[in-house]
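First up is the structure itself, then whatever we jot down about it.
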Amino acid sequence: MDYKSTLNLPKTAFPMKGNLPNREPEFVERWMKQGLYQRIQASRAGKPLYVLHDGPPYANGHIHIGHALNKILKDIIVKSRTMEGMQAPYVPGWDCHGLPIEHQVTKQLGDKKRDMSATDLRRQCREYADKFWNIQRDEFQRLGVLGDWERPYLTMDKAYEATIIREFGKFVEQGGVYKGLKPVLWCTQDQTALAEAEVEYMDHTSPSIYVKFPFGDYSPAKLASGNFFGIPELADVEKVSIVIWTTTPWTLPANQAVAIHPLIEYAFVRVGDEVLVMADELVEKVCQECDLKDPEIIGRKKGNDVFEALRCQRPLSKGLSPVLLGDFVTLEQGTGCVHIAPGHGMDDYLLTSKYNASGQRQVLTEPLQVLVPVDDYGRFTNEVEAFAGQHVFKADPAIVETLRQLDVLVGHDKLIHSYPHCWRCKKPVIFRATQQWFVSMDEGRLRERALEEIDRVQWIPERGRERIFGMIENRPDWCLSRQRIWGTPIPGFTCAQCQTPLINPQVIDRIAGLVSEHGADVWFERSARELLPDGTTCAACESTEFNKEQDILDVWLESGVSHAAVVKQQGEDWWPASLYLEGSDQHRGWFHSALLSSVTTDGRAPYRAVLTHGFVVDGQGKKMSKSAGNVVAPQDVIKQHGAEILRLWVAAQDYQEDLRISSQILTQLVEAYRKIRNTCRYLLSNVYDYDPHNPAHNVEVSQLPELDRWALLRFNNLIRHVRQGYEEFDFRQIVHELDYFCSVDMSATYLDILKDRLYTSRADSPLRRGSQMVLYHIVTGLARLMAPILSFTAEDVWDAVPGRETSPEDSVHLSTFPEPVTISGEADLEANWKQLLAIRTVVLAALEQQRREKVIGSSLEARVVLNVVPALYGFLQAYEQELPTLFIVSQVVVRSTEHPAGEKHLASEEALGMSVNVVKAEGEKCERCWNYRDSVGGAPEHPTLCDRCIEAVT
RNA sequence: GGGCCUAUAGCUCAGAUGGUUAGAGCGCACGCCUGAUAAGCGUGAGGUCGAUAGUUCAAUUCUAUCUAGGCCCA
């Protein structure tokens, strides 16, 4: 007789292989078609809100692995909050304006750009942004991310642009907006400002000169005194000078100061009848390059010792330059003393701004000026009489000659070095201060208020607080203007007569209205007269002629106001957002600009919590780059393994640090995935004939055997840990718990033990039905617990659960997390089973010994002899009937003894007080259940079956 | 150069107010099973806890320096 057909062997259509790359798109399409996101939102109406506000990626190019990481993390959080029963909307957005797109479009246009209007160029940029945000949308959806993809927000939407202008208006209203000078990279050939991304570094030959700045306030004798340097030898010399080194002689007319490093040691070097001051470490080098004869060091002083505020003579302009202390001074080149021209260098500008600010003002006798005696074409203006009209580079030799004649030139050479060139015309560019719009950090206490708000926000990880605090604390005023086309215009005007700026809330409000109706293009299409309210006159000269502002706003302001343009628009209770979640670089970017914007306009931070993640690096922890050839593209991972593996990767990594990715890591995750999937498959395959709604298929938990209650207990434990993991954003823990539960608790323990019962019992025996109830409980719960991470597989499992009212509308993502079941005496049960499983481990080791000796193969061929101390014997007696099942052997004998180790044994465990021996099982092997039993052969009609099986088949 | 941060088995991660043989899962090796089968089970081997110095009775855990790496800034 074919007894195999009388077994209840597992049955399921759920495939072992996920075939993820092919099947995932089907799920995505189904979710989209059934309007899953909208239905989830509707089902959570009125529930507690959890608003994760999406930071807009830049609408340029395909998504990279960092985008995938960011969006998957967000999706896991949104889904898990949803499954906790909250209303967790997700409105994705894109950052559409800005230089990279304008740069790309300009590059593609080439010469055609010359005769193109601003509006035409803007149209091209818009098309470009449209193309890419749509591409990215598809790619994000492919990752399984649920959200309001039908109505995302775009910073180039009319309504959004209008909000940008209104929020800028609030800055103006608060009085913090002003116009001032700031150095930018400038191409004198194209007469245009350039961003750092628009310059290419190439070799360039510059003059290299050393120039004396003689101390002007005091005589050498005075400087020699104890009040100053206390170097008596100074009294005997004619002149004491600081020596600077520069490769841009043309910036000397704009000199305002000399900077030295506070911690560097400076030497007083006597050369002939004068003394030169330079960094001690560089004396030899400088003397060699400048051919200085018989230098003698007569003293040394540290930078922060007395030098500060001493003044020296400017070589090419009137006045005295103070000595300032700057951390950026290095010993790499030059003299350790730097000539400071705030109109022509970023360090120079920042240092003088710092000194001009109230804190260090007393060091100066007068404020330092940002001088820019150079016009748009790079020519000296009349402010520099001697060289007026000459291009600065052309003037260099004449300037050097003048310095020589003035006897301040210490040395002169040439230097080939890497220097920024215009990306378009390839000519060397210069640093040149131009008029820009700023928002003051200190007017209206913006800085102070922002710092206060930082402490009201939860920073995850906590160190994020230090990072943004330090940045806000030290940042200069926010420069809001950009000399570009593709963006939101600065709604300001200048009187055509007297150049008085016109910018006020009423005018801005009118512009915002126009923009909300026509889009920001209206600014470029209409004249100043058309844009301004009728009858606008200049407050200073009453002229009615105005020029409109040419610059656009910094895109960081644009994305920064998304809390107003997006979050607030959805409803009053949406703002402030529950969470912002981006890469840690956004402490300087979006978190920063959003904070400043929101503090200005609303007086508080726009987020309650900020979570940051690290950056994706390769398997060695190295940054990914095209040149290193170690880039992992999400598209490739999806094609090879499926988005699910990428999702699992995100969850399994410690996202607070750098995240490594490599084929080895992915392969490992594929293995872990298979284990989880296969466990689900096996669970499903054993409930094929179970009906959750049939009372006969259900058993009271208290009536279940301990083994099943233990399984429920372990699953309770999993539920608690997984939900806690989601709550605390600790997804690693979840993956490890899931993995452990599937591998150890289920596969290696519960399911392995259960096979005999499931297969060989009568199909509807209460014992089997009870187990099926547990399996059903676990598989449906498991699908829900994994759904936020393994969104596709969870849905796949959900579909395959038998007896559940399935409909095309249903989805695991509409459900909520499972709750732990009540198990009476849970703590005792847990303790007892911990001990039983520890004993099991010792038994398994003993079985392995006999397997090696070829005494047994399958564990069912074994008879286990346990020698245990009396205390343990008492404990085990209660379980005697269960032990063969637990060890998956045919027979178990328990013997009490004072010295287990003294008995014949193959394995022992002193801590437990036991030893184990294993012998061949007694009796015959039952053909049906494979157990060895004395009863086999007892019934003539079934000579190869045991008593238990006979009962099952008749 | 400055700010913030990281470094535990091949991989992903635990862990210890400083104190016995540093854990898990996976992978690997070997074996078993063939009624989860491109599955399942078992046993086992893997770590000078990045390097060096210091504090201490005792450091992988604290301090300093260094090395490697990441983000931001210059």
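For A:Y419 and A:Y201, the ring centers are positioned 6.0 Å apart or more. The ring of A:W590 has its center closer than 6.0 angstrom to the ring center of A:Y580. A:H261 has its ring centre no less than 6.0 Å from the ring centre of A:Y266.
Among the protein residues, A:A652 comes within range of the sugar-phosphate backbone only, with heavy atoms under 4.0 Å from sugar or phosphate atoms but none that close to a base. Residue contacts for A:R463: at a heavy-atom cut-off of 4.0 Å it reaches the sugar-phosphate backbone alone, with no base atom in range. Base engagement by A:E927 is indicated by at least one non-hydrogen atom pair under 4.0 Å involving a base atom. Heavy atoms of A:R928 sit under 4.0 angstrom from at least one base atom. If you check every strand for non-hydrogen atoms under 4.0 Å, A:N678 touches a base. Across all strands shown, A:Q653 has heavy atoms under 4.0 Å from sugar-phosphate atoms exclusively, and none from any base. Looking at heavy-atom distances under 4.0 Å, A:V744 makes contact with sugar-phosphate atoms alone, never a base. Among the protein residues, A:G621 comes within range of the sugar-phosphate backbone only, with heavy atoms under 4.0 Å from sugar or phosphate atoms but none that close to a base. Backbone-only contact: A:R588 has heavy atoms under 4.0 Å from sugar-phosphate atoms and none from a base. Residue contacts shown for A:W649 are absent, as no nucleic acid heavy atom lies under 4.0 Å away. Within the 4.0 angstrom heavy-atom criterion, no nucleotide atom of any strand lies near A:T330. Among the atoms of the strands shown, base atoms are found under 4.0 Å from some heavy atom of A:L7. No contact: A:M346 has no heavy atom under 4.0 Å from any strand. No engagement by A:S685 is indicated, since no non-hydrogen atom pair under 4.0 Å with the nucleic acid exists.
Of the P atoms belonging to B:C49 and B:C62, the separation is 14 Å, rounded to the nearest Å. Comparing B:A36 with B:G44, their C1' atoms sit 25 Å apart, to the nearest whole Å. Taking atom C1' in both B:G47 and B:A53, one finds a spacing of 23 Å when rounded to whole Å. Nucleotides B:C4 and B:C66 are separated by 15 Å at their P atoms, to the nearest Å. Rounded to whole Å, the separation between the C1' atoms of B:G50 and B:U60 comes to 11 Å. Comparing the P positions of B:U65 and B:C71 gives an interatomic distance of 23 Å, to the nearest angstrom. As rounded to the nearest Å, B:G54 and B:A9 have C1' atoms that lie 29 Å from one another. Annotation: B:G23 and B:A45 have their P atoms spaced 13 Å apart (nearest Å).
Here B:G46 is in the syn range [glycosidic angle within 90° of 0].
With A:S584 contributing its side chain and A:T612 its backbone, the two residues share no donor-acceptor pair below 3.5 Å.
B:C71: Watson-Crick or G-U partner is B:G3, with both key distances under 3.5 Å. In this structure B:A58 sits in no base pair that meets the Watson-Crick or G-U test at under 3.5 Å. For B:A53, the paired base is B:U63 (Watson-Crick or G-U wobble, both distances below 3.5 Å). Shown here, B:A29 forms a base pair with B:U43; the pair counts as Watson-Crick or G-U wobble because both key distances fall under 3.5 Å. Nucleotide B:A9 is matched to nothing when pairs are restricted to Watson-Crick or G-U wobble geometry with both distances under 3.5 angstrom.
Between A:Q668 atom CD and B:C28 atom P the separation is 11 Å, expressed in whole Å. At whole-Å resolution of the value, CG in A:L263 and P in B:G2 are 10 Å apart. Rounded to an integer number of Å, the gap from A:N686 CG to B:G35 C1' is 11 Å. Separating the CD atom of A:Q620 from the P atom of B:A7 is a distance of 18 Å, rounded to the nearest angstrom.
Checked by distance alone, A:R660 brings no side-chain donor or acceptor within 3.5 Å of a matching partner on the base of B:C11. A donor and an acceptor atom sit less than 3.5 Å apart, one in the side chain of A:S747 and one in the base of B:A36.
The shortest distance between the side-chain N/O atoms of A:K854 and the OP1/OP2 oxygens of B:C32 is below 4.0 Å. OP1 or OP2 of B:G35 has at least one side-chain nitrogen or oxygen of A:K4 nearer than 4.0 Å. For A:Y682, no side-chain nitrogen or oxygen approaches OP1 or OP2 of B:U37 to under 4.0 Å. Contact annotation: A:R681 reaches the phosphate of B:U37 (side-chain N/O to OP1 or OP2, under 4.0 Å). Phosphate proximity of B:C41 to A:K675: present, with a side-chain N or O under 4.0 Å from OP1 or OP2. An OP1 or OP2 oxygen of B:C71 is reached within less than 4.0 angstrom by a side-chain nitrogen or oxygen of A:K623.
Judged by distance alone, the side chains of A:R928 and A:T6 do bring a donor and an acceptor atom under 3.5 Å apart.
Ring stacking is absent between A:Y740 and B:A24, as the pair misses the limits of under 5.5 Å between centres and under 30 degrees between planes.
Toward the 5' end of RNA chain B, the nearer of the two residues A:G470 and A:L847, judged by each one's closest nucleotide, is A:G470.
Between A:F591 and A:H587, the ring planes lie perpendicular to each other; the angle is over 60°, past the 30° to 60° tilted range. Relative orientation of the A:F715 and A:F741 rings is tilted, given thresholds of 30° and 60° on the angle between their planes.
Side-chain contact between A:R714 and A:Y740 is present, with heavy atoms from C-beta onward closer than 4.5 Å.
A 6.0 Å sphere centred on CD of A:E924 holds no more than 12 heavy atoms belonging to other residues, nucleotides or ligands.
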